[in-house]
Amino acid sequence: AQSVAQPEDQVNVAEGNPLTVKCTYSVSGNPYLFWYVQYPNRGLQFLLKYITGDNLVKGSYGFEAEFNKSQTSFHLKKPSALVSDSALYFCAVRDELTGGGNKLTFGTGTQLKVEL
Amino acid sequence: KAGVTQTPRYLIKTRGQQVTLSCSPISGHRSVSWYQQTPGQGLQFLFEYFSETQRNKGNFPGRFSGRQFSNSRSEMNVSTLELGDSALYLCASSLQVNEQFFGPGTRLTVL
């Protein structure tokens with residue numbers, strides 16, 4: 001079975017500082033990894049994904065994530081945080097062994113708060 | 001291009017009733033997935049439909065069902081509502097695997 005862990009319920013960072021939101025995963029086959037962001041009363045917005053290839057993935061709004069197979073991690077990063085980045089962030093995984101579908105397993109989410 | 005639309009956006013029902021939620025995918029997308037989001041359980045996969053066939057199913061009781069029409073629009077139905085079914089129900093559409101676009105969700109409140 002596939003699973004995702006986001007060990008931090010909340011991350012606080014000052015505007016202009018770098019941010020990291022942590023994610024570790026467990027799958028049987030090769031992982032397909034995703035980050036989504038959710039603003040209050042909204043659906044999920046796609047940020048970036050890792051399918052294969054370069055371990056450093058660049059996404060929307062200046063976010064990037066680093067895939068580390070040995071540590072089974074996929075941490076989300078941004079060099080300089082903005083107050084507008086404050087939102088709920090979800091890491092998700094799809095196991096290649098689940099077949100041809102789109103079933104995603106999500107982490108519990110990390111609330112990012114960026115302060116002035 | 002219009003995004004994923006979900007109707008209604010808000011819904012209030014009482015225990016024991018049933019409810020039907022609708023999702024219109026992005027034009028051309030043939031896969032529609034449904035997720036339930038609650039404070040306690042987080043985001044959980046309900047089921048996925050592709051070309052009118054259920055392709056994947058999550059661990060929910062049989063009270064939760066869905067279907068997809070020939071135009072790829074999808075509905076999910078919850079029968080005999082329980083208080084614990086109160087949640088945000090999210091629909092996502094996809095043209096290909098590994099790229100899902102989510103709608104704004106339907107907020108269901110069960111009283």
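FYI, side chains are in, hydrogens and waters are out, and symmetry mates aren't considered; it's all heavy atoms of this structure. None of the values given here were measured: they were computed from a predicted structure. Letters go in sequence order (proteins before strands), and every chain restarts at 1.
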| request: Give a yes or no on whether B:Lys13 atom NZ has more than 12 heavy-atom contacts from other residues, nucleotides or ligands under 6.0 Å away. | output: yes
| Is the NZ atom of A:Lys113 crowded by more than 12 outside heavy atoms at less than 6.0 Å? | no
| said: If I measure from the heavy atoms of chain A, does B:Tyr35 come under 4.5 Å with its side chain, its backbone, both, or neither? | reply: side chain
| query | Does B:Tyr89 belong to the same Ile/Leu/Val/Met/Phe/Trp/Tyr cluster as B:Phe60, with side-chain heavy atoms less than 4.5 Å apart forming each link? | reply | yes
| query | Which of residues 104-111 of chain B get closer than 4.5 angstrom to chain A, counting heavy atoms alone? | reply | B:Pro104, B:Arg107
| Should A:Val57 and A:Tyr89 be counted in the same cluster of Ile, Leu, Val, Met, Phe, Trp and Tyr side chains packed under 4.5 Å apart? | yes
| message | Let me confirm one number: the CD-CG distance from B:Gln100 to A:Leu44, rounded to the nearest 0.5 Å. | response | 9.5 Å
| said: Starting from A:Phe63, can I reach A:Val93 by hopping between I/L/V/M/F/W/Y residues whose side chains sit under 4.5 Å apart? | reply: yes
| task | Determine whether A:Gln38 and B:Leu88 make a side-chain contact, defined as any pair of heavy atoms from C-beta on separated by less than 4.5 Å. | result | yes
| message | Apply side chain to side chain donor-acceptor pair (under 3.5 Å) to residues B:Ser31 and A:Asn102 and explain how you reach the verdict. | response | CA-CA 8 Å; B:Ser31 164; A:Asn102 277 303; 3.3 Å; yes
| Euclidean distance, B:Gln44 CD relative to A:Leu104 CG, rounded to 0.5 Å | 13.5 Å
| message | Checking A:Lys49 against B:Glu99 for the salt bridge (charged side-chain N to carboxylate O under 4.0 Å, His left out) test, could you report, in this order, the C-alpha distance in whole Å, the side-chain angles of both residues, the deciding distance, and whether it holds? | response | CA-CA 9 Å; A:Lys49 66 181 177 183; B:Glu99 194 161 294; 3.1 Å; yes
| Euclidean distance, A:Tyr36 OH relative to B:Phe102 CZ, rounded to 0.5 Å | 5.0 Å
| request: Would you give the length of the straight line joining atom CG of B:Leu43 to atom OG1 of A:Thr105, rounded to the nearest 0.5 angstrom? | output: 10.5 Å
| query | Is chain A contacted by the side chain of B:Gln41, its backbone, both, or neither, given a heavy-atom distance below 4.5 Å? | reply | neither
| task | Verify the cluster assignment for B:Val4 and B:Leu11: are they in a single hydrophobic cluster under the rule of side-chain heavy atoms below 4.5 Å apart? | result | no
| request: Select all residues of residues 68-79 of chain B having any heavy atom within less than 4.5 Å of some heavy atom of chain A, and report them by number, or 'none'. | output: none
